[in-house]
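First the structure, in the form of structure tokens, and then the observations on it.
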Amino acid sequence: MDSKLYIHNSLTRKKEAFKPLNSPQAGMYVCGPTVYGDAHLGHARPAITFDLVFRYLLHLGYKVRYVRNITDVGHLEDDADEGEDKIGKKARLEKLEPMEIAHFYSDRYHRNMDQMNVKVPSIEPQASGHIIEQIEMVKQIIDAGYGYEVNSSVYFDVQKYQNDTKKYGELSGRVLEELKANTRELEGQDEKKNPFDFAIWKNAAPEHIMRWPSPWGQGFPGWHMECSAMSTKYLGEKFDIHGGGMDLLFPHHESEIAQSVAANGNEPAQYWMHNNMVTINGQKMGKSLGNFITLNKLFNGEHNLLERPYSPMTIRFFMLQAHYRSTIDFSNEALNAAEKGFKRLMKTLDTLEKIQPANESTVSFKELEKKCYEALNDDFNSPVAISQLFEASRIINSLKDGSEKIAKKDLDDLKAFFKSFTVDVLGLEPEEKVKEKNDELLSRVIENILQVRQEAKQNKDFQTADKIRDALKEAGISIKDRKDGADWSVEE
RNA sequence: GGUCUCGUGGCCGAGUGGCUAGGCAGUGGUCUGCAAAACCAUGUACGGCGGUUCGAAUCCGCCCGAGACCUCCA
């Protein structure tokens, strides 16, 4: 397969032509959530970004295996020895099994993803279900000489790795010498040969509830092991795309590369993609800063920063209106604008079905379609693609008004083009649960009422006409007059 | 302190050496019994100061401002 897709590779900091290792197969691994709390706007970003990548690759005809993990083992909260497992801590505080916590929040995460029309990945592996694979990989790293055991914990020997491969820091731009100077001194670090070494298997203190047996004793896998082990298991030692948030670049992804190179002898991913952060008042939205807004609160409006609720699809559209590598700033104003824009596109989707073909075309959409492809081929530039759809929207409205004409064949092409980009690729669909719109019965009732109103209008009985319109409005149905009748729609 | 990114019109947000981004809001108009929608028109935008160039918002330098990573974080 030969597409002209270019992807910005964090590894080289350049846009590179996308050439999958085994075209038309394409493999993608994305770091998913740690399930110890509700997903917030920040979590929506990678989910939607890589959903777009997934959808577009599928659209181009690739057979994509998309793996997005669920971290249910819980990373350490503080430093090595004093730290406590996030999920374990929550479990202890709430007197629940860690698995109960993880299951509860994965469930809610899935619901949120569903609401935002994020496609289900091909595989969604859980870290806790892959302890054996992680232990095996730790063994491989030890066998290769890059792991050492101290007090039932195993650490990665960064200095040796750097001496042998010169690769440490290639992704994040870190320089080991500088890291040495800057790494803060922590208690309990004396187990490590060097402060920048990281744990690949950690001994569990007696009170640590999440623990598994291993050749080194009771413990749990290191912070970065799960992604290395699970990506290797499901996508192979080498695969095409690895994605995640920019904040994971270092140390998480840098460590993943080191682990894979140490264990398998080669780099895991060809292309590394990183989405930028969501900011709020110019500052990163994050758990540790406590300035996050959960998706559930966005959807129901219950947060002091929210003027009102915003729908899941508004959030999706809001995200797609910015390029994934730019920061995106949250504000009520921006969300309001996104909501209106989204509705406009959705209305166009509806309008498209009402256009009557003519015997000739006065408009062409070929150029817009071409630009949509160019935009998405250029590192998934969704905002530019969307701007083309708005252009199309304007022309489609003119077709409906009758100021432009379109032939049957062109109309079919137009429908295919507009729907495939809007619905299939960008994943933008009407979210009204108000499918009553299509409800036969309601439809017939309304049509009858409108017929009466039309007669009233013809008799210049505007009082009655307005009364009908107001009454319908009251019932949640809005009327928009045309020259020869009226359109109606169900209000949200 | 080190590494890196960004600064675009009222708001959001693309672009990147010369050719309209787009959305939202505003203004004027068309249409309409009214309303809404739609369509048409409309904005001395590119942080500041220098430099390169026939030409820079776009390249280079300096300055100012904001942010990210360096610790778990999407």
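Small disclaimer: the values here were computed from a predicted structure and weren't measured. Order of the sequence lines sets the chain letters (A, B, ...), proteins ahead of strands, with each chain counted from 1.
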Using distance only, find each side-chain donor-acceptor pair of residues 384-391 of chain A under 3.5 Å and give its atom names and separation, not counting sequence neighbours.
{"residue": "A:S387", "atom": "OG", "partner": "A:V384", "partner atom": "O", "Å": "2.7"}
{"residue": "A:E391", "atom": "OE1", "partner": "A:R394", "partner atom": "NH1", "Å": "2.6"}

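- The closest side-chain donor-acceptor pair between A:N332 and A:Y310 falls under 3.5 angstrom.
- Residue A:M277 is in base contact, counting any heavy-atom pair closer than 4.0 Å across all strands shown.
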Protein and nucleotides 32-36 of chain B: nitrogen or oxygen contacts under 3.5 angstrom:
{"residue": "B:rG33", "atom": "N1", "partner": "A:D466", "partner atom": "OD1", "Å": "3.1"}
{"residue": "B:rG33", "atom": "N2", "partner": "A:D466", "partner atom": "OD2", "Å": "3.0"}
{"residue": "B:rC34", "atom": "O2", "partner": "A:R469", "partner atom": "NH2", "Å": "2.8"}
{"residue": "B:rC34", "atom": "N3", "partner": "A:R469", "partner atom": "NH1", "Å": "3.1"}
{"residue": "B:rC34", "atom": "N3", "partner": "A:R469", "partner atom": "NH2", "Å": "3.4"}
{"residue": "B:rC34", "atom": "N4", "partner": "A:D481", "partner atom": "OD2", "Å": "2.7"}
{"residue": "B:rA35", "atom": "N1", "partner": "A:D481", "partner atom": "N", "Å": "3.3"}
{"residue": "B:rA35", "atom": "N3", "partner": "A:R469", "partner atom": "NH1", "Å": "3.3"}

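- Looking at the side chain of A:R394, the nearest of the listed nucleotides B:rC69, B:rC39, B:rA14 is B:rC39.
- Residue order along RNA chain B, read from the 5' end via each residue's closest nucleotide, puts A:T327 first among A:T327 and A:N397.
- With sequence neighbours excluded, the residues forming a salt bridge (charged side-chain N to carboxylate O under 4.0 Å, His left out) with A:K167 are A:E267, listed by chain and number.
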Any chance you could lay out the ring-ring contact (aromatic ring centres under 6.0 Å, His included) test for A:Y373 and A:F421, step after step, and finish with the verdict?
CA-CA 9 Å; A:Y373 277 109; A:F421 274 95; 4.9 Å; yes
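- The aromatic rings of A:F380 and A:Y56 sit perpendicular to each other, their planes meeting at more than 60°, with 30° as the lower class boundary.
- Residue contacts shown for A:G42 include a base, since a base heavy atom lies under 4.0 Å away.
- A:H43 pairs by the ring-ring contact (aromatic ring centres under 6.0 Å, His included) definition with A:H40, not counting sequence neighbours.
- In this entry the distance linking OH of A:Y105 with P of B:rA74 reads 14 Å, nearest Å.
- Residue contacts for A:V175: at a heavy-atom cut-off of 4.0 Å it reaches no nucleic acid atom on any strand shown.
- The backbone N or O of A:P312 sits nowhere less than 3.5 Å from a side-chain atom of A:Q115 that would complete a donor-acceptor pair.
- Applying the salt bridge (Lys or Arg N to Asp or Glu O under 4.0 Å) test to every pair with at least one member in residues 107-119 of chain A, sequence neighbours left out, gives these pairs: A:D38-A:R108.
- Of the candidate nucleotides B:rG2, B:rC39, B:rA74, B:rC39 has the atom nearest to the side chain of A:S398.
- A:S326 has a side-chain polar atom (N or O) that falls below the 4.0 Å cut-off from OP1 or OP2 of B:rA14.
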Hey, mind stepping through A:Q159 and A:N194 against side-chain hydrogen bond (donor to acceptor under 3.5 Å, both in side chains) and telling me if it holds?
CA-CA 8 Å; A:Q159 187 67 62; A:N194 283 298; 4.6 Å; no
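- In this entry the distance linking CZ of A:F330 with P of B:rG67 reads 18 Å, nearest Å.
- Neither side chain, A:Q134 nor A:W201, offers a donor N or O lying under 3.5 Å from an acceptor on the other.
- Distance, A:L41 CG to B:rC12 P: 16 Å, rounded to whole Å.
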Output the pairing pattern of RNA chain B as a dot-bracket string, 5' first, Watson-Crick or G-U wobble with both distances under 3.5 Å, | for cross-strand pairs, [ ] for crossing pairs.
(((((((..(((.....[...))).(((((.......)))))....(((((..]....))))))))))))....
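- Using modelled atom types, one finds a donor on one side chain and an acceptor on the other under 3.5 Å when comparing A:E191 with A:Y155.
- In terms of the side chain to side chain donor-acceptor pair (under 3.5 Å) criterion, residue partners of A:D329 (sequence neighbours excluded) are, by chain and number, A:T279.
- For A:K297, the salt bridge (charged side-chain N to carboxylate O under 4.0 Å, His left out) test picks out no residue, with sequence neighbours left out.
- Atom CG of A:D350 is separated from atom C1' of B:rA37 by 13 Å (rounded to the nearest Å).
- When heavy atoms are screened at a 4.0 angstrom cut-off, A:N381 is found touching the sugar-phosphate backbone but no base atom.
- Closest to the side chain of A:L248, out of B:rA74, B:rA68, B:rC70, is B:rA74.
- Considering only residues two or more places apart in sequence or on other chains, A:K15 meets the salt bridge (charged side-chain N to carboxylate O under 4.0 Å, His left out) condition with A:D378.
- Between A:D72 and A:Y105, the side chains place no donor N or O within less than 3.5 Å of an acceptor N or O (distance only, hydrogens not considered).
- In this structure, A:Q388 reaches neither bases nor backbone, as no heavy-atom distance under 4.0 Å exists between it and the strands shown.
- Across B:rC69, B:rA74, B:rC39, the shortest atom-to-atom separation from the side chain of A:P46 is found for B:rA74.
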Might you list the N or O atoms of the protein lying below 3.5 Å from N or O atoms in nucleotides 23-29 of chain B, with each pair's distance?
{"residue": "B:rA25", "atom": "OP1", "partner": "A:K340", "partner atom": "NZ", "Å": "2.7"}

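- Applying the salt bridge (charged side-chain N to carboxylate O under 4.0 Å, His left out) criterion to A:K460, with sequence neighbours excluded, gives no partner residue.
- Following rounding to the nearest Å, A:M285 (CE) and B:rG67 (C1') show an atom-to-atom distance of 15 Å.
- Heavy atoms of A:I386 sit nowhere under 4.0 angstrom from any nucleic acid atom.
- Among the protein residues, A:H274 comes within range of no part of the nucleic acid, since none of its heavy atoms lies under 4.0 Å from any strand.
- One interatomic measurement links the two molecules: CG of A:L320 to P of B:rA14, which rounds to 12 Å at whole-angstrom precision.
- Map A:K371 and A:G286 each onto its nearest nucleotide of RNA chain B; the residue landing nearer the 5' end is A:K371.
- In this entry the distance linking CD of A:E367 with C1' of B:rU20 reads 13 Å, nearest Å.
- Of the residues in residues 7-17 of chain A, those lying under 4.0 Å from RNA chain B by heavy-atom distance are A:R13.
- As judged by a 4.0 angstrom heavy-atom cut-off over every strand, A:S403 is placed among residues making no nucleic acid contact.
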